[in-house]
Amino acid sequence: MLRARGVRKSFGPLEVLRGIDMDVAAGEVVVLLGPSGSGKSTFLRCINHLETPDGGSIHVAGRLIGFRAQGGRVHHLRPREVTRQRRDIGMVFQHFNLFPHQTVLQNVIEAPVGVLRRPKAEARKRAHGLLARVGLSDKADAYPRQLSGGQQQRVAIARALAMQPKLMLFDEPTSALDPELVGEVLATMRDLAQDGLTMVVVTHEISFAKEAADRVVFMDEGRVLESGPPSVLDRPSNPRTRAFLRRFL
Ligand code: ADP
Ligand code: MG
């Protein structure tokens with residue numbers, strides 16, 4: 001579902017990604033760990049067209065991100081083609097960015113109706129199903145400000161799922177939440193993982209990585225230091241990985 005090869009990105013003189021390789025199979029859950037500033041967000045943003053890599057390649061569901069081949073040559077995608085490619089990818093951020101003047105239901109049907117041109121009745125029906133899936137059946141008519149942070153983040157997850165993405169990216173989805181609200185969001189994400197959604201999750205929640213990840217990947221200074229099954233969390237081989245994990249003990 002995701003294949004990244006040698007992805008590089010610099011901001012001015014700062015080399016943020018120094019050749020990232022990553023493979024994620026359909027249905028796999030990969031947790032991406034690493035110290036602040038190691039390039040995790042930048043990597044997710046490259047996958048989702050929010051940044052343009054300086055080098056390397058990223059394929060999502062077999063499609064080369066940002067480019068298309070035509071007549072034996074490779075062209076940058078036009079804005080409309082970028083929009084189409086982005087539909088395959090759902091992203092959930094630390095800050096939920098819900099539309100404040102729209103109800104929960106309106107937030108969830110916005111893109112399916114506005115972008116995919118789905119009939120409203122059908123979009124509403126699906127939205128109710130998604131809200132049930134994230135445990136918010138009773139909040140369809142509420143406004144974001146009437147919800148807790150954890151509930152808002154679950155709406156954001158439902159909103160991303162409404163586009164039926166092939167790949168879901170989560171960038172520290174619980175980092176902005178009060179501690180008592182973290183569990184409900186992680187529980188929702190665990191359910192999605194169990195349902196076979198393909199997910200790349202940046203998080204510092206080691207317990208989530210242990211329970212839900214098929215694989216964990218450690219990044220540091222723009223490189224992948226180590227990757228493997230969640231058991232590497234108990235005995236990391238790289239000293240920098242060990243030093244990073246010691247903070248969570
Ligand atoms: P992480 O998510 O692992 O904390 P980021 O990908 O957010 O790391 O950032 C990696 C480095 O890139 C940081 O030093 C950050 O300040 C820098 N950076 C990120 N985005 C930009 C940008 N748009 N312009 C300049 N520097 C940036
Ligand atoms: Mg980040």
Side-chain angles (χ1 to χ4, degrees), residues 2-24 29-58 60 65-66 76 79 82 86 89-98 149-150 152-153 156-157 160 165 167-179 181-182 185-186 189 198-210 212-213 215-228 230 232-233 236 238-248:
L2 173 70
R3 190 173 79 212
R5 287 291 176 275
V7 176
R8 300 185 161 274
K9 177 72 182 174
S10 296
F11 295 108
L14 184 66
E15 265 191 286
V16 173
L17 300 178
R18 303 170 187 229
I20 300 288
D21 295 339
M22 197 177 295
D23 289 281
V24 183
V29 177
V30 171
V31 167
L32 193 51
L33 298 167
S36 175
S38 55
K40 306 180 297 295
S41 294
T42 302
F43 180 60
L44 293 193
R45 291 169 61 82
C46 285
I47 298 170
N48 200 22
H49 299 266
L50 297 171
E51 300 286 357
T52 308
D54 302 326
S57 63
I58 300 172
V60 171
I65 290 295
H76 282 276
V82 169
R86 286 189 72 186
I89 305 160
M91 189 151 175
V92 174
F93 301 87
Q94 186 172 346
H95 297 284
F96 344 110
N97 311 317
L98 298 176
Q152 289 187 53
Q153 189 61 299
I157 292 171
L167 174 67
M168 277 284 280
L169 309 174
F170 295 82
D171 194 357
E172 300 203 30
T174 60
S175 295
L177 298 175
D178 292 334
L181 303 177
V182 168
V185 173
L186 293 179
M189 291 168 59
T198 311
M199 300 165 51
V200 178
V201 182
V202 174
T203 184
H204 297 300
E205 298 291 336
I206 302 295
S207 62
F208 176 82
K210 286 186 177 170
R215 210 146 40 82
V216 294
V217 174
F218 290 94
M219 275 179 65
D220 192 25
E221 297 184 342
R223 290 196 176 88
V224 173
L225 277 191
E226 187 166 359
S227 88
V232 304
L233 292 164
N238 187 295
R240 297 183 74 123
T241 313
R242 262 201 306 272
F244 172 74
L245 284 172
R246 212 171 288 136
R247 283 187 253 160
F248 298 95

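Order of appearance sets the numbers: ligands from 1, and atoms from 1 within every ligand.
- Residues Asp220 and Arg18 are not paired through a salt bridge, judged by the lack of any N-O separation under 4.0 Å between the basic side chain and the carboxylate.
- In this structure, atom 1 (P) of ligand 1 has protein heavy atoms in its sub-4.0 angstrom surroundings.
- In this structure, Ser36 is part of the shell of residues with a heavy atom less than 4.0 angstrom from ligand 1.
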Where do Val31 and Leu33 land on the side-chain contact (heavy atoms from CB on, under 4.5 Å) test, with the steps shown first? CA-CA 6 Å; Val31 167; Leu33 298 167; 4.0 Å; yes

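- Phe11 CD1, 3.3 Å is the protein heavy atom nearest to atom 27 (C) of ligand 1.
- Look at Gln94 and the Mg ion (ligand 2): no N/O/S atom of the residue is under 2.8 Å from the metal.
- Residue-to-ligand polar distances keep Leu14 apart from ligand 1: every N/O pair is separated by 3.5 Å or more.
- Put simply, the side chain of Asp54 gets close to the backbone of Ser10: a donor and an acceptor are under 3.5 Å apart.
- In terms of protein heavy atoms, atom 8 (O) of ligand 1 is closest to Gly39 N, 3.2 Å.
- In this structure, the protein non-hydrogen atom closest to atom 7 (O) of ligand 1 is Ser41 CB, 3.6 Å.
- Closest to atom 5 (P) of ligand 1, if we only count protein heavy atoms, is Thr42 OG1, 3.6 Å.
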Take Phe218 and Val232 through the test side-chain contact (heavy atoms from CB on, under 4.5 Å) and record every step on the way to the result. CA-CA 10 Å; Phe218 290 94; Val232 304; 3.9 Å; yes

Does Arg247 form a side-chain contact (heavy atoms from CB on, under 4.5 Å) with His204? I'd like the steps, not just the answer. CA-CA 10 Å; Arg247 283 187 253 160; His204 297 300; over 6 Å; no

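- With respect to atom 4 (O) of ligand 1, the closest heavy atom belonging to the protein is Gly37 N, 2.7 Å.
- Scanning all heavy atoms of the two residues, the minimum distance from Pro165 to Gly90 falls at CB-N, 3.4 Å.
- Between Val16 and Gly39, the shortest heavy-atom distance links the atoms CG1-CA, 3.8 Å.
- By the definition of a contact as any protein heavy atom under 4.0 Å away, atom 11 (C) of ligand 1 is in contact.
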Residue pair Val224, Asp21: steps toward the side-chain contact (heavy atoms from CB on, under 4.5 Å) verdict: CA-CA 8 Å; Val224 173; Asp21 295 339; over 6 Å; no

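- Distances below 4.0 Å separate heavy atoms of Pro35 from the following atoms of ligand 1: 3 (O).
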